[in-house]
Visitor: 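Please see the structure below; I have some questions.
Just follow the structure's listing: the first ligand is 1, and inside any ligand the first atom is 1.
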Amino acid sequence: MSKRVVLIGHPVAHSLSAAMQQAAFDKAGIDARYELWDRAPIALADAIAEVKGDDFLGANVTIPHKERVVPLIDKLTEEAQATGAVNTLTREGRRLVGHNTDVPGFDVALDKLVGRQKMPRQAVLLGAGGGARAVVYGLIRAGFQRIVIFNRHLHRAEGLVKFFGRSAAHMDLKAMPWHDSIIESELARTKVLINATSIGLADDISPIPGEVLTGDLLVLDLIYKRTRLLRDAEAVGAAANDGETMLLHQGAAAYTLWTGQAAPLDVMGQALADARAGGVRSAEGEPVGDADAAVPEAASPAG
Ligand code: NDP
């Protein structure tokens, strides 16, 4: 029987993950199909129940469901529990296990960003959603001593700080109101800047003015493209990486969880590059639209 893996999100009209995972299954000769399920929040519980079927290897979960899926899962791994976010599901019989492979994906991306330098200790993080949770967890584990989170809705950043309260007890983790002047003064004492908002994904805009960037910054944008923020960073001589490494490595970790096999990174990386060249955008952060709108039952199983 052909196996199935689904990406559950809203929207998921196009997906780089589909291209990457299908290429890996095909290369390994695994008879599995990666499908896209566009499910609004109201339809999430039914989708999760369906994934318990024998024909499923598992699933990916993306925007806007990574946090709200948590209570629907039978068992969480340490990383899913520690971040309060799930992006990958595996099955143990009829029980679903929730993983967070954004965590290992971010670890690889951070290592690549820092390169041979000593691991910095201060970071500014823009955004407080599901992706930001993996970032905060990774930065704390990497030994950062000060992380300042800015988010459009301050209360969400404050919630994140509260969530990580215990694991961040030894360091300075704080939420601050989003004002360019405050961001600028924080950046002056910071080495690492990470964008985990979706600003710049759909439109060519940056979350912050280019003037607040300095040449000694290491800038990572989780968005998988050369965003305005990254171009502004390069223009002042800062190091600037996009979300490709994180996307590839979170996908590779998920593939290994589903198949028990090492992921063919070169094949997956090539499939990502081809899909991007063909104009496919990442479902990891498509604009969410009206997240509470109902979606017709059979919407976009685009495979
Ligand atoms: P969420 O929906 O959970 O969070 C979205 C974040 O973006 C929130 O902080 C939200 O702020 C902010 N935001 C969205 N629109 C605006 C706006 N117009 N103005 C200001 N802030 C805005 O999404 P995720 O955390 O899952 O993803 C966020 C980004 O990270 C996406 O662009 C995605 O592509 C990227 N990502 C990439 C990954 C990779 O592997 N490369 C993995 C995970 C994420 P608020 O809370 O105020 O609404």
Visitor: Ignoring hydrogens, just give me the one of H155, E67, E244, R152 whose non-hydrogen atom is nearest atom 18 (N) of ligand 1.
Guide: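 It is R152 whose heavy atom sits nearest to atom 18 (N) of ligand 1.
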Visitor: When only distance counts, is I223 in polar contact with ligand 1, meaning an N/O pair under 3.5 Å?
Guide: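 No, since none of the N or O atoms of I223 sits under 3.5 Å from an N or O of ligand 1.
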Visitor: What side-chain donor-acceptor pairs closer than 3.5 Å can you find for residues 124-141, not counting sequence neighbours?
Guide:
residue	atom	partner	partner atom	Å
R133	NE	E67	OE1	3.3
R133	NH1	T83	O	2.8
R141	NH2	D107	OD2	2.9

Visitor: Relative to atom 28 (C) of ligand 1, which among G243, G129, S17, A196 owns the nearest non-hydrogen atom?
Guide: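 Considering heavy atoms of G243, G129, S17, A196, the nearest to atom 28 (C) of ligand 1 sits in A196.
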Visitor: Hydrogens and angles aside, do N60 and S17 bring a side-chain donor and acceptor to less than 3.5 Å of each other?
Guide: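 Side chains of N60 and S17: no pair found under 3.5 Å.
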Visitor: Nearest to atom 2 (O) of ligand 1 by heavy atom, T101, L154, I194, I63: which?
Guide: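 Ranked by closest heavy atom to atom 2 (O) of ligand 1, first place is I63.
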Visitor: Pull out every atom of ligand 1 sitting under 4.0 Å from any heavy atom of G131, numbered as shown with elements.
Guide: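 Reading through ligand 1 atom by atom, the close ones are 24 (P), 25 (O), 26 (O).
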Visitor: Only heavy atoms of R156, strictly under 4.0 Å: list the atoms of ligand 1 that pass.
Guide: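 Per the distance check, 3 (O), 4 (O), 8 (C), 45 (P), 46 (O), 48 (O).
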Visitor: Could you walk me through whether I8 and E50 satisfy the side-chain contact (heavy atoms from CB on, under 4.5 Å) test, starting with their C-alpha distance in whole Å, then the side-chain angles of each, then the deciding distance to 0.1 Å, before giving a yes or no?
Guide: CA-CA 11 Å; I8 304 170; E50 205 176 331; over 6 Å; no
Visitor: Can you measure from OG1 (T101) to CG (N87) and round to the nearest 0.5 angstrom?
Guide: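 T101 atom OG1 to N87 atom CG measures 3.5 Å (nearest 0.5 Å).
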Visitor: Are any of the heavy atoms in G105 under 4.0 Å away from ligand 1?
Guide: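 Under 4.0 Å: no for G105.
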Visitor: What are the atoms of ligand 1, with element, lying closer than 4.0 Å to any heavy atom of A128?
Guide: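 Every atom of ligand 1 under 4.0 Å from some heavy atom of A128: 9 (O).
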Visitor: Between atom CG of L272 and atom CG of L247, what is the distance when rounded to the nearest 0.5 Å?
Guide: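 Between L272 CG and L247 CG, I get 5.0 Å after rounding to 0.5 Å.
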Visitor: Would you give the length of the straight line joining atom CG of D111 to atom CZ of F106, rounded to the nearest 0.5 angstrom?
Guide: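 Answer rounded to 0.5 Å: 9.0 Å.
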Visitor: Taking distance alone, with no angle check, do G130 and ligand 1 share an N/O pair under 3.5 Å?
Guide: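 Yes; the residue has a nitrogen or oxygen that sits under 3.5 Å from a nitrogen or oxygen of the ligand.
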Visitor: Applying salt bridge (Lys or Arg N to Asp or Glu O under 4.0 Å), run through D54 and R91 and close with a yes or a no.
Guide: CA-CA 9 Å; D54 283 343; R91 279 196 318 114; 3.7 Å; yes
Visitor: Going by the order shown, which atoms of ligand 1 are within less than 4.0 Å of some heavy atom of I199?
Guide: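 Near I199, the atoms of ligand 1 are 16 (C), 17 (C), 19 (N), 20 (C), 21 (N), 22 (C).
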Visitor: Please say which of R226, K225, R276 ends up in a salt bridge (Lys or Arg N to Asp or Glu O under 4.0 Å) with D242.
Guide: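 Exactly one pass, corresponding to R276.
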Visitor: Using heavy-atom distances only, which candidate in Q250, K66, H249, K225 approaches atom 44 (C) of ligand 1 most closely?
Guide: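 Nearest heavy atom to atom 44 (C) of ligand 1 lies in K66.
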Visitor: I need the atoms of ligand 1 closer than 4.0 Å to a non-hydrogen atom of G127, numbered in the order shown.
Guide: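 Taking each heavy atom of G127 in turn, ligand 1 has 9 (O) under 4.0 Å.
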Visitor: Strictly by modelled atom types, are D266 and Q270 linked by a side-chain donor-acceptor pair under 3.5 Å?
Guide: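 No donor-acceptor contact under 3.5 Å links the two side chains.
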Visitor: Run the side-chain contact (heavy atoms from CB on, under 4.5 Å) test on M171 and Q145 for me, step by step, so that the C-alpha distance in whole Å, both residues' side-chain angles and the decisive distance to 0.1 Å come before the verdict.
Guide: CA-CA 5 Å; M171 44 89 65; Q145 290 302 312; 3.8 Å; yes
Visitor: Looking only at heavy atoms, is any part of T62 under 4.0 Å from ligand 1, and if so is it the side chain, the backbone, or both, or is it neither?
Guide: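 None of T62 does.
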Visitor: Ignoring hydrogens and angles, tell me if any N or O in the side chain of N100 forms a donor-acceptor pair with the backbone of E79 under 3.5 Å.
Guide: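 Checked: no pair found.
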Visitor: Side chain, backbone, both or neither: which applies to D102 and ligand 1 if a contact is any heavy-atom pair less than 4.0 Å apart?
Guide: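 Side chain only.
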Visitor: Under 4.0 Å from a heavy atom of M246: give me the atoms of ligand 1 that qualify, with their elements.
Guide: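 So the atoms of ligand 1 that pass are 39 (C), 40 (O), 41 (N), 42 (C).
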Visitor: Is it the side chain (CB and beyond), the backbone, both or neither of L222 that lies under 4.0 Å from ligand 1, heavy atoms counted?
Guide: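 Both of them.
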Visitor: Using heavy-atom distances only, which candidate in D203, T197, T227 approaches atom 29 (C) of ligand 1 most closely?
Guide: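 Answer by nearest heavy atom: T197.
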